[in-house]
*Asks:* 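Below is a structure I'd like to ask you about.
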Amino acid sequence: WNQCLGHRVLGTGGRILAWWEEERYPEGIKWKFLEHKGPVFAPPYEPLPENVKFYYDGKVMKLSTKAEEVATFFAKMLDHEYTTKEIFRKNFFKDWRKEMTSEEKSTITNLSKCDFTHMSQYFKAQTEARKQMSKEEKQKIKEENERLLKEYGYCVMDNHKERIANFKIEPPGLFRGRGNHPKMGMLKRRIMPEDIIINCSKDSKIPPPPPGHKWKEVRHDNKVTWLVSWTENIQGSIKYIMLNPSSRIKGEKDWQKYETARRLKKCVDKIRNQYREDWKSKEMKVRQRAVALYFIDKLALRAGNEKEEGETADTVGCCSLRVEHIKLHPELDGQEYVVEFDFLGKDSIRYYNKVPVEKRVFKNLQLFMENKQPEDDLFDRLNTSILNKHLQDLMEGLTAKVFRTYNASITLQQQLKELTNPDDNIPAKILSYNRANRAVAILCNHQRAPPKTFEKSMMNLQSKIDAKKEQLADARRELKSAKADAKVRRDEKSKKTVESKKKAVQRIEEQLMKLEVQATDREENKQIALGTSKLNYLDPRISVAWCKKWGIPIEKIYNKTQREKFAWAIDMAEEDYEF
Ligand SMILES: *[C@@H]1O[C@H](CO)[C@@H](O)[C@H](O)[C@H]1NC(C)=O
Ligand SMILES: *[C@@H]1O[C@H](CO)[C@@H](O)[C@H](O)[C@H]1NC(C)=O
Ligand SMILES: *[C@@H]1O[C@H](CO)[C@@H](O)[C@H](O)[C@H]1NC(C)=O
Ligand SMILES: *[C@@H]1O[C@H](CO)[C@@H](O)[C@H](O)[C@H]1NC(C)=O
Ligand SMILES: CC(=O)N[C@H]1CO[C@H](CO)[C@@H](O)[C@@H]1O
């Protein structure tokens, strides 16, 4: 029975149980830029048609617009128990009289003599008519709502677009309250621009008030969570238009991660030149650091050594590699300077890879391994904190993970460019997307054991394919005989039959193709976990832009949870987004 209104918690009878100062962000979180379109006001009042009558004391009475509007609020609730309650009636009548002209006031002195039934019937008929609306009319309303959402439902906060939770201002009406609220029945006023305080940044486009109106105030406070506020007249509590703070903070972090990776893209060449130079350094520590960095960059290795996995799990990252984890081959399978890696990485996933490296790296590794036992550290002058410190010096916010994010995202972008065939249909394009995604997962070593249900689900799919093939053969036979038939008869009817049989064959061919694509996809996916890279390393704006470019519904790429997580990207990605 407690309700939370603005910044007050109210108990029964509207008693204030608790209140707080202001809707504020947690300490330290502030925005730098905020731009929005302001609120959407309730639509203006539309007077009743002439034939809808109000009766006082048995006689028809034409009400002034203002009085009529408030009367309709009561008429709409006529069937509700509220309108029989004494407090409700008393409060309503008092507030209604304030909206009346002096003539109306002197005539209408007794609520019990007011007859709202005709009005009430009119509204019921309207509700009924709305239910019977045609598809086109419903579509029109839907489109209008979407237009409003697009225009007013978002704001720009610090460079990214954010969804606004409640951009529509509640229409006027009668206050209901809960229980026997002493204020029930009072008129909840129409909120006007003159009631509205706008909070936005100084350098933003300040939303213009509706023509002929003024805002109460425009503020620029970057510590508050609201965009628009006003004081409602019943309880005197402050109402806000806000964003969803939790999603903002999450989306913000996610967004920052990819922006950091994009910053790396700009300076990665410089970093690479630098570590190449460092391979020649006189200082052993610098050489080791440079080779480790090369591994992180080239192999997307983790920095490692964080000791979070506990003492028993013998998992390693780049800095904690031991001599036993690598083998050097001056020549292997026709390639020069090959390093063979074999170790347990994060979550005890085996990392096994044979990579040709540059000659200088190879020579350095030989040097690092000299006179060492298999269990000795490969990079004995290095640990994770030294490496991380160095990364910070190279670029603010740089960690080994940023290299992974950068490489994963840029690889996805390149793979999508390479693999997407413009002439493909949608299922084939999605297969290409999944293949690009798999290329990234392999790069990040996101492997998995084939799921237990794999064989069974593959068999199910195969039997579906077989059935579809049979169906196709039947359809083709039918088409053939229909054609033969048409040749003999040469009439309109048999021509039509041929056409419809042709269509059937085409339809079945498409269905078969879809199933076959699905089977290929599943087979290729057998030992790869796509989820991790999709959720953690791939800039969602790349996928969204790809979908927009090729007209692929976003649902084909992201499921519901993923769409929520990436809402910030789905709302903002341009068709030609470049990571
Ligand atoms: C108001 O009207 C009702 C119904 O006509 C009547 O019973 C009641 O006595 C009236 N009240 C006053 C205060 O005139
Ligand atoms: C990403 O990693 C792969 C595999 O090591 C590497 O071949 C490629 O050059 C990297 N791409 C970029 C753009 O860094
Ligand atoms: C890393 O090495 C530096 C310098 O040798 C040392 O000061 C630091 O304590 C080491 N950190 C860890 C976590 O081992
Ligand atoms: C969406 O996919 C992820 C894996 O990628 C899964 O963990 C999650 O349960 C899925 N959510 C829904 C609503 O299907
Ligand atoms: C509700 C409220 O007053 N919020 C803030 C809006 O901005 C001003 C400064 O511009 C602050 O003083 C307010 O606290």
Side-chain angles (χ1 to χ4, degrees), residues 53-61 63 67 70-71 74-75 77-100 102-120 174 185 275 278 281-296 301-323 325 343-346 364 367-369 371-373 375-394 397-403:
K53 309 285 192 211
F54 166 75
Y55 300 88
Y56 186 74
D57 209 8
K59 288 193 230 31
V60 174
M61 184 174 171
L63 295 172
V70 179
F74 195 86
M77 291 174 76
L78 206 57
D79 287 345
H80 203 287
E81 199 200 336
Y82 275 120
T83 55
T84 62
K85 290 188 181 177
E86 202 184 321
I87 321 170
F88 190 94
R89 295 174 68 86
K90 200 177 123 243
N91 286 333
F92 163 71
F93 197 50
K94 193 172 158 209
D95 278 0
W96 185 27
R97 282 176 60 80
K98 289 182 200 154
E99 304 298 315
M100 292 177 186
S102 49
E103 253 171 76
E104 285 164 341
K105 240 190 252 179
S106 61
T107 313
I108 304 174
T109 52
N110 185 342
L111 183 58
S112 303
K113 290 188 174 159
C114 296
D115 182 356
F116 300 96
T117 47
H118 196 199
M119 281 184 176
S120 171
L174 303 182
Y275 70 56
D278 288 347
S281 167
K282 286 199 187 69
E283 233 186 304
M284 190 56 143
K285 182 183 143 188
V286 174
R287 281 193 187 214
Q288 289 193 355
R289 201 179 64 191
V291 171
L293 192 49
Y294 171 75
F295 284 165
I296 283 174
L301 292 191
R302 291 187 169 80
N305 234 4
E306 274 127 309
K307 294 276 180 239
E308 275 167 7
E309 306 234 351
E311 299 301 309
T312 46
D314 184 24
T315 64
V316 295
C318 189
C319 289
S320 44
L321 279 175
R322 294 192 297 268
V323 172
H325 292 139
F343 62 90
L344 292 184
K346 190 170 175 245
N364 267 316
L367 181 69
F368 303 159
M369 287 165 84
N371 304 319
K372 277 189 191 167
Q373 299 298 310
E375 64 277 10
D376 286 342
D377 282 338
L378 177 65
F379 302 115
D380 52 292
R381 309 284 169 94
L382 201 61
N383 62 32
T384 316
S385 33
I386 296 175
L387 187 68
N388 284 340
K389 167 85 178 49
H390 180 60
L391 292 174
Q392 283 297 318
D393 292 342
L394 290 171
L398 186 61
T399 61
K401 198 171 164 181
V402 178
F403 279 98

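Here, residue 1 is the first one in the sequence, and each next residue gets the next number. Keep in mind the model is a prediction, meaning the values are calculated, not measured. Counting convention: from 1, in listed order, for ligands and their atoms alike.
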*Asks:* Under 4.0 angstrom from atom 5 (O) of ligand 1, is there any protein heavy atom?
*Replies:*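 Flag for atom 5 (O) of ligand 1 set to true, protein heavy atom closer than 4.0 Å.
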*Asks:* Would you find a donor on one side and an acceptor on the other, under 3.5 Å apart, between the side chain of D278 and the backbone of S281?
*Replies:*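 Absent.
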*Asks:* Determine whether the side chain, the backbone, both or neither of I386 has a heavy atom under 4.0 Å from any heavy atom of ligand 3.
*Replies:*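 Within the 4.0 Å criterion, I386 contacts ligand 3 through side-chain atoms alone.
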*Asks:* Do you see a donor-acceptor pair shorter than 3.5 Å between the side chains of Q288 and N364?
*Replies:*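 There is no such pair (donor and acceptor under 3.5 Å, judged by atom type) between the side chains of Q288 and N364.
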*Asks:* Under the criterion side chain to side chain contact (heavy atoms under 4.5 Å, CB included), which of E99, R97, M61 is the partner of E104?
*Replies:*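 Result for side chain to side chain contact (heavy atoms under 4.5 Å, CB included) with E104: M61.
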*Asks:* Suppose we measure from atom 3 (C) of ligand 3 to each protein heavy atom; which comes out shortest, and what is that distance?
*Replies:*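 Looking only at protein heavy atoms, the one closest to atom 3 (C) of ligand 3 is N383 ND2, 3.6 Å.
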*Asks:* How are the rings of F116 and F74 set relative to one another: parallel (under 30°), tilted (30 to 60°) or perpendicular (over 60°)?
*Replies:*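 Rings of F116 and F74: tilted, 30 to 60°.
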*Asks:* Would you find a donor on one side and an acceptor on the other, under 3.5 Å apart, between the side chain of H325 and the backbone of R322?
*Replies:*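 Looks like yes, one N/O pair under 3.5 Å.
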*Asks:* Which atoms of ligand 1 sit under 4.0 Å from any heavy atom of K113?
*Replies:*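 Here the atoms of ligand 1 in question are 2 (O), 5 (O).
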*Asks:* In the protein, which heavy atom is nearest to atom 13 (C) of ligand 3, and how far is it?
*Replies:*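 Nearest protein contact, heavy atoms only, for atom 13 (C) of ligand 3 is S385 OG, 3.7 Å.
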*Asks:* With the threshold set strictly below 4.0 angstrom, can you tell me whether any protein non-hydrogen atom sits that near atom 9 (O) of ligand 1?
*Replies:*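 No.
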*Asks:* Is the backbone of A67 close enough, under 3.5 Å, to the side chain of W96 for a donor and an acceptor to pair up by distance?
*Replies:*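 Indeed, once roles are kept as given, a pair shorter than 3.5 Å links the two residues.
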*Asks:* Judging by distance only, is a nitrogen or oxygen of N110 under 3.5 angstrom from one on ligand 1?
*Replies:*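 Yes, at least one N or O pair falls under 3.5 Å.
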